[in-house]
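Below: one structure, written as structure tokens.
The figures that follow rest on heavy atoms only: side chains count, while hydrogens, waters and symmetry mates do not.
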Amino acid sequence: MQRIRIKKLLSEGIAGQDISVCGWVRTKRESKGIAFIALNDGSTQDTLQLVIPETSPAFQKLSQCNTGAAIRAAGVLKESPAKGQRFEVEVVSEIEVFGDADPATYPLQKKGHTLEFMREIGHLRPRTNTFGAVLRVRNILAEAVHEFFQDRGFIWVHTPIITASDCEGAGDLFTVTTLDLEKLPKGNGSVDFSQDFFGRRAFLTVSGQLEGEFLAMALGDVYTFGPTFRAENSNTSRHLSEFWMIEPEIAFANLRDDMELAGDFFRFLCERVLEKCESEIAFLEKFYKNTSIAELKTLSEKSFVHISYSDAIKELERAKEKFEFPVKWGLDLQSEHERYLTDKVYNGPVIVTDYPQEIKAFYMRLNDDGKTVAAMDVLVPKIGEIIGGSQREERLDVLTERMRESGIPFENMAWYLDLRRYGSAPHAGFGLGFERLVQYITGMQNIRDVIPCPRAPQTIKF
RNA sequence: UCCCGGGUAGCUCAGCCGGCAGAGCAGGUGGCUGUUAACCACCCUGUCGGGGGUUCGAAUCCCUCCCCGGGAGCCA
């Protein structure tokens, strides 16, 4: 008999049918003459209740069916006479035990475990309710990202993971090399990368944006969705050294269009999660209380509030709150300032736009005031920046001037300037940190808990 | 990288003004004809993070190193 996934069984099953299910035992409850097993196969948040009467040959196998054991069970699907589940399976024939799990040593027992403890057993934590929920939400979000852009005619482009451009200014880079680290070739005291694999120094990408721009200048609307690497020594609950980023780039568009896209995108993603992950969110709501179906519903319907940087500064100056860092036009917003805006003033996501040019990247389009640039940051409660974007500077003379001011070396940027030389057009885009999105939607407080194998300083075990 | 707070049983934690190492959960055994992180009874569990020092005596005080968490910076 073919195995059926529990998700399918619970939604499409018909009472009376013979079925075969495979999965891992979550809990076992034994009474005189009858036993119950809660079985999970990862396809859904819900467990399937197996009922094993004393008369079943399977009853003899119960001693091996401890929490964590992998089993197959065959029986009859029935409407459950008890509360807690609609269906259950009465196991009339044998249970096959693929692999048992010694309860004396198996770390996951039927009790609550802290997230900190689960981080130490990275290979087993996907078997918990919490990680099952988070990883299924992550999957639905990834699918929804493609659905959103594909439906709007965006082309998914694959920008390189290994790159030579080191001038984007977004944090420290990992070097990629095949040189013998024991005896590095030296020239003028420093390493001679001309002898390296690519003939020059290469890095892991920190952003696909610059490549995304030239693809948008040919294909119109594009997006990337891939891994990104930052070698910053960041030890926080919202930074990873390896994370996934989504970067749409849209041609013939300005900051307004960019903001609208970001808002539509975000709302769509919330909508899909509500539609497809209700039991996952309900579980996370019940156990962690940092997300809720009601909150996601609000997010899926509400437009982002937006405020200019200058107005945000005025708002902060008016605040009764005492800030540790100074509030002054020209200074960057600190975490405490962002949190004040999202948590206290607006109680939800906020887009801050038009920052002073000095505190933003060289490629952002200079506004007519000559002081600010067409930048936007989407800030959300608790996490802070989840999206960073801008309209790009498409005017050759303005761009070269800003590069000069920012000390960007021209030699490796010829191709980037070419885009402004030939058929230049207004364009804009943004970057969304995928794990921060998953974090926000699921309410997980630490970003290391929304990716199977977190990479961070001193952290690469699993 | 900086600032705080931690590290004691498999897990979560109490014990910390020095004096015999504790609880809850998990696990084991037995009981119970339908349980829902079942219930009841009994039982088991220790490199008190590592190293050094003070002391008659250190989980407890001091130094040092390691690890974890929270916050900050950098950013998505």
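For A/Lys111, no side-chain nitrogen or oxygen approaches OP1 or OP2 of B/A26 to under 4.0 Å. For the pair A/Arg29 and B/A38, the criterion of a side-chain N or O lying under 4.0 Å from OP1 or OP2 is met. Contact annotation: A/Thr236 does not reach the phosphate of B/A72 (side-chain N/O to OP1 or OP2, under 4.0 Å). Phosphate proximity of B/U12 to A/Thr114: present, with a side-chain N or O under 4.0 Å from OP1 or OP2. For B/G71, the OP1/OP2 oxygens have a side-chain nitrogen or oxygen of A/Ser237 closer than 4.0 Å. The side chain of A/Arg238 places an N or O atom within less than 4.0 Å of a non-bridging phosphate oxygen (OP1 or OP2) of B/A72. Dashed line: the shortest gap from a side-chain N or O of A/Lys110 to OP1 or OP2 of B/A38 is under 4.0 Å. For A/Asn235, no side-chain nitrogen or oxygen approaches OP1 or OP2 of B/A72 to under 4.0 Å. Residue A/Gln334 has a polar side-chain atom (N or O) positioned under 4.0 Å from OP1 or OP2 of B/G73.
Taking only distance into account, the side chain of A/Glu30 never meets the base of B/U35 through a donor-acceptor pair shorter than 3.5 Å.
When the nearest nucleotides of RNA chain B are assigned to A/Asn233 and A/Phe36 by heavy-atom distance, the more 5′-ward of the two goes with A/Asn233. Residue-to-nucleotide proximity on RNA chain B shows that, of A/Gly433 and A/Pro107, the 5′-proximal contact is made by A/Pro107.
Aromatic ring pairs are classed by plane angle as parallel below 30°, tilted from 30° to 60° and perpendicular above 60°; the pair A/His337 and A/Phe323 is perpendicular. Ring-plane geometry between A/Phe148 and A/Phe265 is classed as tilted, the angle between the planes lying from 30 to 60 degrees on a 0 to 90 degree scale.
With rounding to whole Å, A/Glu232 atom CD is found 15 Å from B/C2 atom P. The distance between atom CD of A/Gln109 and atom P of B/U45, rounded to the nearest whole Å, is 19 Å. Atom CZ of A/Arg125 and atom C1' of B/C11 are 17 Å apart (whole Å). Atom CD of A/Glu120 is separated from atom P of B/G7 by 14 Å (rounded to the nearest Å).
No side-chain donor from either of A/Asn254 and A/Arg365 sits under 3.5 Å from a side-chain acceptor of the other.
Atoms CG and CD1, from A/Asn290 and A/Ile441 in turn, are 13.5 Å apart once rounded to the nearest 0.5 Å.
Under the 4.5 Å side-chain criterion, counting only non-hydrogen atoms from C-beta, A/Phe225 is not in contact with A/Phe149.
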